[in-house]
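These notes are about the structure you will find just below.
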Amino acid sequence: MHSTPTGSTITRFAPSPTGHLHIGGARTALFCWAFAARARAEGRDGRFLLRIEDTDRARSSEDAARGILEDLAWLGINWDEGPGFRTNLDREGAVTCGGDPRDVGPFYQSQRREIYDAHLQTLLEAGLAYPAFDTPEQLAAMRKAAEAEKRSFIYRRPPGYDHAAALARAASEPHVLRFKMPPEPITVRDEVLGEVTFPYDQIDDFVIRKADGFPTYHFAVVVDDALMGVTHVLRGQEHLNNTPKHVALQRALGFDTPAYAHMPLIFNTDGTKMSKRDKDKAAKKAVRDAKIDTVAALIDALPPTSRDREGAVLRSLTDADLIAWLKNKQRQLPRDQVAAVAAALDLRLPEIDVEDFRASGYLPGVIINYLALLGWNPGMKNEDGTDLERFDAAFLAEHFSLDRIGKSNSKFDREKLLAFNADTIQHGMTDEEFATEWLAWAERFDDQLAAWAGEDEARWRLAAAAARPRTKTLADARASIAFALTDAITYDPKSVKKHLLKGEPNGLAILPDLRDAVAQIEDWSPEPIEAAIAAFAESKGIGMGKAAQPLRIALTGTAVSPPLGISLALVGRDTTLARLDRCIAHDHTTG
RNA sequence: GGCCCCAUCGUCUAGUCUGGUCCAGGACACCAGGUUUUCAUCCUGGUAACGCGGGUUCGAAUCCCGCUGGGGUCACCA
């Protein structure tokens with residue numbers, strides 16, 4: 001309201017810092033960002049601002065707020081105004097978010113109490129708000145009575161209410177402030193849903209200031225949006241029923257009503273809400289299905305690579321804890337323990353928060369893309385006639401519009417997200433880009449891998465080139481090059497039987513000559529290695545597979561690996577020859 | 001339960017405002033072939049939807065009504 005250019009488009013995302021950023025919240029933030037960005041792309045003033053709604057003192061935390069800022073920044077959803085934040089991604093192009101060019105802050109509601117109090121005072125003096133002294137118990141009783149009569153509970157100022165007396169009493173007694181709802185229906189104009197009218201008898205005299213002196217959400221949001229010059233409120237449909245309250249408040253305070261756009265909600269594929277508890281539920285079900293009921297059994301089930309870290313987490317759990325958790329549906333385990341349980345059972349937990357998707361190895365650009373498609377659609381075609389659905393943030397900034405937001409709720413399909421992620425990794429980036437992304441991921445989520453990457457840069461590039469074509473997420477990339485991470489190769493019996501012991505001549509018989517051929521290779525890099533193996537097969541008059549598979553088993557222990565040229569290059573000459581020697585000498589008949 | 005919102009393949013959706021070009025198109029998933037030294041990729045083909053019932057109209061996925069179904073919301077949480 002200070003130096004806001006007229007004709008501005010100002011949107012905001014206003015999370016409550018009570019936990020990580022939920023994927024649904026990320027979609028809301030994305031749409032708000034995109035709408036402002038579109039205005040800017042058209043040469044108008046567009047701003048996306050971030051405000052932290054921390055009026056619930058018990059549940060809010062500064063840690064959570066920071067985490068949300070970081071998640072948003074990671075996704076590339078940068079805010080123009082709001083808490084300051086610098087993305088210190090080691091890569092080029094560090095971005096600074098936030099700031100307060102129009103002087104409309106602070107952006108933490110807990111720091112805006114005088115502002116709310118001033119507006120509260122206006123309302124009080126105008127008789128549009130009034131103190132109420134009902135205790136929680138009394139309110140509960142009133143609700144119960146209403147329920148018994150099968151009508152919904154609507155709080156109204158009692159008849160004969162003495163405003164002056166109440167004000168006097170409020171000076172010394174704990175109380176809340178309620179808004180005197182005007183006796184008329186309220187029609188909300190929504191950009192997505194159209195006009196929606198709410199009858200007066202459905203909206204009660206809601207609380208606008210809590211007994212602790214903090215404003216409620218309804219009051220703070222209305223005051224802040226108005227004072228911060230917000231022109232468009234984009235939020236989830238769960239807020240539609242709140243909107244008439246906000247409109248009434250705006251009228252009482254003399255504020256303009258912003259444009260509203262309520263967007264459809266996102267659910268799990270089974271129709272349930274996407275909730276943090278889903279992870280706990282999934283872990284619990286897996287433990288039950290595996291019929292495990294001791295911590296020791298869980299630790300035993302841990303793969304060697306996670307023995308240390310996850311093992312330690314699990315040891316902090318007692319059998320009694322475990323059984324209590326298993327028996328009680330309501331009971332939840334701490335986040336890290338759930339993760340450790342999942343590791344033990346090789347279970348992929350459902351991702352809920354942005355941080356989960358990040359840990360699972362999804363690319364921010366892909367998440368943005370997929371999220372945008374949930375409830376919005378560009379309605380455009382590709383040149384080949386298929387629907388356009390792969391795009392980036394820049395595209396959104398250019399084409400996003402409220403009129404293409406859908407009305408119906410959608411289900412979050414991780415399969416499609418995964419397909420998008422795999423497609424981007426495999427076809428939408430170079431080996432170099434992948435090497436960089438993968439390393440950044442490892443540094444945050446896989447210490448061992450990051451350390452290995454740091455040992456040899458050239459080797460890391462080879463690893464990236466080997467893994468990329470068969471990678472769906474940054475987290476699963478490791479599996480395709482696992483044979484290079486360790487010398488502890490175990491031979492897969494089925495593969496050995498099929499490719500080493502069967503056939504005329506059998507693979508094992510071919511290996512010694514192949515070993516010699518490999519030893520002759522001068523330039524130890526993918527193409528020459530590949531060529532040498534092909535030449536060897538030809539000289540022996542055997543098919544490529546006849547030579548390739550035995551070699552693959554000698555190198556990796558299995559019949560599956562990246563193309564041999566790159567696999568051998570990755571492992572290195574010495575190790576390759578050592579593994580060949582070991583395979584040749586190994587007694588495969590006993591395993 | 002009151003109020004409010006919504007309704008196209010299993011899922012995300014195009015098409016609905018401006019009825020006919022839609023015996024409904026795309027994507028993911030799935031199924032069947034093919035390419036490939038393994039895996040992955042890639043290519044080709046296929047299965048699959050307008051919730052139901054009434055209207056209006058020459059004609060309805062598209063407009064209207066009802067039903068059914070799904071969702072949201074009814075806090076001193078946001």
Side-chain angles (χ1 to χ4, degrees), chain A residues 14-16 18 53-56 58-60 132 134-136 139-140 143 147 150-154 174-178 188 190 192-194 196-199 201-204 206-212 214 216-218 220-221 236-244 262 264-265 267 269 271 273 370 373-382 384-390 403 406-420 422 426-427 467-472 480 495 499 530 533-534 537 543-549 551-553 556 558-564 567:
Chain A
S16 176
T18 55
E53 310 223 324
D54 57 349
T55 53
D56 184 338
R59 294 200 302 155
S60 298
D134 316 81
T135 65
L139 287 169
R143 281 194 193 94
E147 195 182 339
K150 290 210 294 190
R151 57 180 174 80
S152 47
F153 172 64
I154 298 293
H175 63 282
V176 301
L177 255 30
R178 284 180 182 269
V188 173
D190 186 275
V192 174
L193 269 12
V196 186
T197 300
F198 298 85
D201 65 12
Q202 289 298 318
I203 311 168
D204 69 354
F206 54 97
V207 173
I208 53 180
R209 190 178 72 182
K210 302 180 260 186
D212 66 3
F214 278 77
T216 60
Y217 160 71
H218 301 301
V221 82
Q237 254 174 40
E238 76 269 22
H239 284 294
L240 184 61
N241 294 296
N242 292 151
T243 312
H262 288 93
L265 273 15
F267 295 94
T269 321
K273 275 188 193 178
Y370 181 71
L373 249 14
L374 247 33
W376 184 81
N377 189 288
M380 299 164 101
K381 298 275 185 202
N382 293 306
D384 64 2
T386 56
D387 290 354
L388 179 87
E389 52 177 19
R390 301 305 311 278
D403 57 17
K407 296 180 177 185
S408 44
N409 298 337
S410 45
K411 292 173 180 168
F412 195 99
D413 182 5
R414 289 190 183 75
E415 288 292 335
K416 184 154 179 168
L417 204 218
L418 186 65
F420 275 21
Q426 293 169 14
H427 305 291
R468 190 174 68 85
R470 59 218 87 230
T471 291
K472 290 183 193 291
S480 11
S495 303
H499 299 291
E530 200 78 43
I533 297 166
M544 186 63 179
K546 277 286 187 188
Q549 291 307 77
L551 176 52
R552 186 163 267 129
I553 291 166
T556 73
T558 73
V560 174
S561 88
L564 285 173
S567 291

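Throughout, protein chains are lettered first and strands after them, A, B, ... in sequence-line order, and every chain is numbered starting at 1.
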Tell me if the side-chain of A:Asp201 makes a donor-acceptor pair with the base of B:G2, cut-off 3.5 Å, by modelled atom types.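 Side chain to base: no pair present.
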
Quiz question: going by heavy-atom distance under 3.5 Å, is there a donor-acceptor pair between the base of B:G71 and the side chain of A:Asn409? no

Test the A:Arg178-A:Phe206 pair against the cation-pi criterion, namely NZ or CZ under 6.0 angstrom from the six-membered ring centroid and within 45° of the ring axis. no

Give A:Asn242 one of three labels, base, sugar-phosphate or nothing, depending on what nucleic acid heavy atoms sit under 4.0 Å from its own.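 Base contact - A:Asn242 has a heavy atom under 4.0 Å of at least one base atom.
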
Contact class for A:Asp134 (heavy atom, under 4.0 Å): base, sugar-phosphate, or nothing?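 It contacts base atoms.
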
Return the pairing partner of B:A7 with a 3.5 Å limit on both distances, Watson-Crick or G-U wobble; otherwise return none.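 Check on B:A7: paired to B:U68, both distances under 3.5 Å.
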
Across all strands, who's sitting opposite B:G1 as a Watson-Crick or G-U wobble pair, both distances under 3.5 Å? B:C74

Pairwise [atom1] distance, [M] and [N] [rounded to whole Å]:
N     : M     : atom1 : answer
B:C22 : B:U8  : C1'   : 12 Å
B:C50 : B:C77 : C1'   : 40 Å
B:G55 : B:C12 : P     : 32 Å
B:A27 : B:G15 : C1'   : 15 Å
B:G70 : B:G20 : C1'   : 32 Å
B:C65 : B:C17 : P     : 15 Å

Taking only the side-chain nitrogens and oxygens of [X], find out if one of them lies under 4.0 Å from OP1 or OP2 of [N].
X        : N     : result
A:His218 : B:A75 : no
A:Ser495 : B:U38 : no
A:Arg414 : B:U11 : no

Take atom NZ of A:Lys411 and atom C1' of B:A29, then tell me their distance rounded to the nearest Å.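 Value for this atom pair: 15 Å.
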
Protein-nucleotide distance (A:Lys407, atom NZ; B:A14, atom C1'), rounded to Å: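 Whole-Å distance recorded here is 16 Å.
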
Distance-only side-chain donor-acceptor flag, A:Asn382 / A:Thr386, under 3.5 Å: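 Side chains of A:Asn382 and A:Thr386: pair found under 3.5 Å.
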
Any chance the side chains of A:Arg552 and A:Ser561 put a donor and an acceptor closer than 3.5 Å?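 Side chains of A:Arg552 and A:Ser561: pair found under 3.5 Å.
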
Would you say that A:Leu240 contacts A:Leu193 through its side chain, given a criterion of any heavy-atom pair below 4.5 Å between the two side chains? yes

Quick one: does A:Ser408's side chain get under 4.5 Å of A:Pro264's, heavy atoms only? no

Proximal nucleotide (of B:U38, B:A29, B:C3) relative to the A:Arg552 side chain: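 Between B:U38, B:A29, B:C3, the one nearest the side chain of A:Arg552 would be B:U38.
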
